[in-house]
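Read the structure below first, then the notes.
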Amino acid sequence: MDLSVYRDLWKIQGVMALLAAALIARMPVLATMVPLAFLAKDAGGNFGWAGVVAGAYSIGTAVASVVWSRMADRRGARKVVIGTGMAWGVWMAVLALLPDSWYRLLPLAAVLAGAFVSPVTSALRANWPRLVHGSHLRAVYSLDATAQEVLFVFGPMTGAVIVSFASPRAGLLVCAVAAVAAIWWFGLMQQPVVPRDTSAGPRPTAWQLIVHPHRTPILLAWACLVMGFASMSLGMVAVADEHGNRLIAGVLETVAAAGSVTGGVIGGALPGRRTSAVWRRMLVLSGLVVVCIFVTSSVVALAIAMFAAGCMIAPTIAAVYERIGALTPTSAHTEIFGWAQSGGMVGSAVGSAVAGAVVEAGGVRYAWVLTAGLSVLATLALLRVPPHRPAETSAVDGAAVAA
């Protein structure tokens, strides 16, 4: 393990500033989910209505993210990121200021707000192959995946704090203002126009991009993986409910995130001198999830197993990012990550719904049975994906670090 790789990333011009801007831009967007749920619940009178509004928001995001990502590849990410960010802020303000008596309009406003979620994540990952090369590219994907885990812990928590001390409406307005400012900052860091590489041939169509011997199985595996994560999250809630203490769900989520951060930091620091197949990481993750199936009766044992499984989450996600980026033409990098984001949104929604039915029918442990099964399916899908070979990129390692 060589932690100096992170020092090298710090020296590469633009890497840390871009990552910091993306994290700050994504934080308030994630934080809005808690205020939005409580706003819908207060207006509609029940959490069922909150689920409808949250689902509408997710549908809008899943449908539109590919459109914005493709447009960013064609016309440059700067205008697309900033334009959608401003529009998203406006629709969040509309949601916040909508009178309670108009609560039936919340799903429509939520769909439109979700449709204008700025493609910050896709644009960020499209930048990495341009800024970083060789083994440092694997490290920056690991750092990205690790930072994402931190976001999923502190983003919703931030929204909950604002709701607790103020109100859901105030939470949405604060998040909207913060996101608009941060997305503007991130957008200014993007290239105004993407250079056209005519030597690589015409840009692939959407069909050519997703229907591919290698990209298709990666996208399918990613959707399965996110479905599994959604099932696991619902399983943690079910465990907490079974033990009569809702705090347990938060503790288990935090423990899993801590494991993921640990695994991400270690994975990014590994030298990467050997051929590495993404299916192997997925298989290890599957095995660790299987352990969780047998320890759901003990919160302590489950927490230990979740930490161990968490240690493979960020490294596996990073390997998926690296492979999908390496196997996609540069001219379509933002779009392919947009497809991945849409697949993840759909997978999360389906995973939560299926897991709910499975837990009701079979019990708590079956949430992890479902996660393990989905992880195995993802492993099988990835078997034919070419592995990462250090020799492909080692020649450009030395040129990546700026003095």
For the side chain of [X] and the backbone of [Y], is there at least one donor-acceptor N/O pair under 3.5 Å apart?
X	Y	value
Thr216	Pro213	no
Arg281	Met312	no
Thr296	Cys292	no
Arg323	Pro387	yes
Thr262	Ala258	yes

Can you name the nearest heavy-atom pair linking [X] to [Y], along with the distance?
X	Y	answer
Ala40	Val53	CB-CG2, 3.7 Å
Gly264	Ala314	CA-CB, 3.8 Å
Trp185	Ala21	CZ3-CA, 3.6 Å
Ala309	Leu288	CA-CB, 3.8 Å
Gly325	Tyr141	CA-OH, 4.2 Å
Pro28	Ile24	CD-O, 2.9 Å

Mind checking whether Trp222 and Tyr321 have parallel, tilted or perpendicular rings, split at 30° and 60°?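 It falls in the tilted class, 30° to 60°.
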Evaluate the ring planes of His333 and Phe337, with Trp represented by its six-membered ring, and classify them as parallel (under 30°), tilted (30 to 60°) or perpendicular (over 60°).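 Plane angle between 30° and 60°, so tilted.
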Flag side-chain contact, heavy atom, 4.5 Å: [X] against [Y]:
X	Y	result
Val385	Leu327	yes
Pro168	Leu36	no
Leu97	Leu172	no
Met236	Met306	yes
Ile324	His214	no
Leu225	Met282	yes
Val239	Leu302	yes
Ile218	Val278	no

Nearest 0.5 angstrom please: [X] [atom1] to [Y] [atom2], how far?
X	Y	atom1	atom2	answer
Leu95	Leu173	CG	CG	10.0 Å
Trp128	Arg125	CH2	CZ	10.0 Å
Met227	Ser231	CE	OG	8.5 Å
Gln190	Arg78	CD	CZ	8.0 Å
Phe229	Leu374	CZ	CG	10.5 Å
Leu23	Leu124	CG	CG	7.5 Å

Take Leu143 and Met16 through the side chain to side chain contact (heavy atoms under 4.5 Å, CB included) test and state the conclusion after the steps. CA-CA 10 Å; Leu143 189 61; Met16 289 303 170; 3.7 Å; yes
Please check if the number of heavy atoms outside Phe307 that lie under 6.0 Å from its CZ is greater than 12.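 Yes, CZ of Phe307 has more than 12 neighbouring heavy atoms, counting only those of other groups under 6.0 Å.
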So, for Phe116 and Trp68, is the gap between ring centers shorter than 6.0 Å?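 That pair passes the under 6.0 Å test.
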May I have the step-by-step check of side chain to side chain contact (heavy atoms under 4.5 Å, CB included) for Tyr57 and Val111, ending in yes or no? CA-CA 5 Å; Tyr57 182 86; Val111 166; over 6 Å; no
Could you check whether Arg26 pairs with Asp144 (Lys NZ or Arg NE/NH1/NH2 to Asp/Glu carboxylate O, under 4.0 Å)?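 Salt bridge present between Arg26 and Asp144.
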Salt-bridge contact Asp100-Arg169 (side-chain N to carboxylate O under 4.0 Å):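 Yes, charged N to carboxylate O under 4.0 Å.
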Residues Ser375, Thr371; criterion side chain to side chain contact (heavy atoms under 4.5 Å, CB included); working and verdict: CA-CA 6 Å; Ser375 300; Thr371 301; 4.3 Å; yes
Run the numbers on Ser65 and Ser342 for side-chain hydrogen bond (donor to acceptor under 3.5 Å, both in side chains), then give the verdict. CA-CA 6 Å; Ser65 63; Ser342 290; 2.4 Å; yes
Test log, rule side chain to side chain contact (heavy atoms under 4.5 Å, CB included), inputs Thr61 and Gln341: CA-CA 9 Å; Thr61 303; Gln341 182 178 354; 4.1 Å; yes
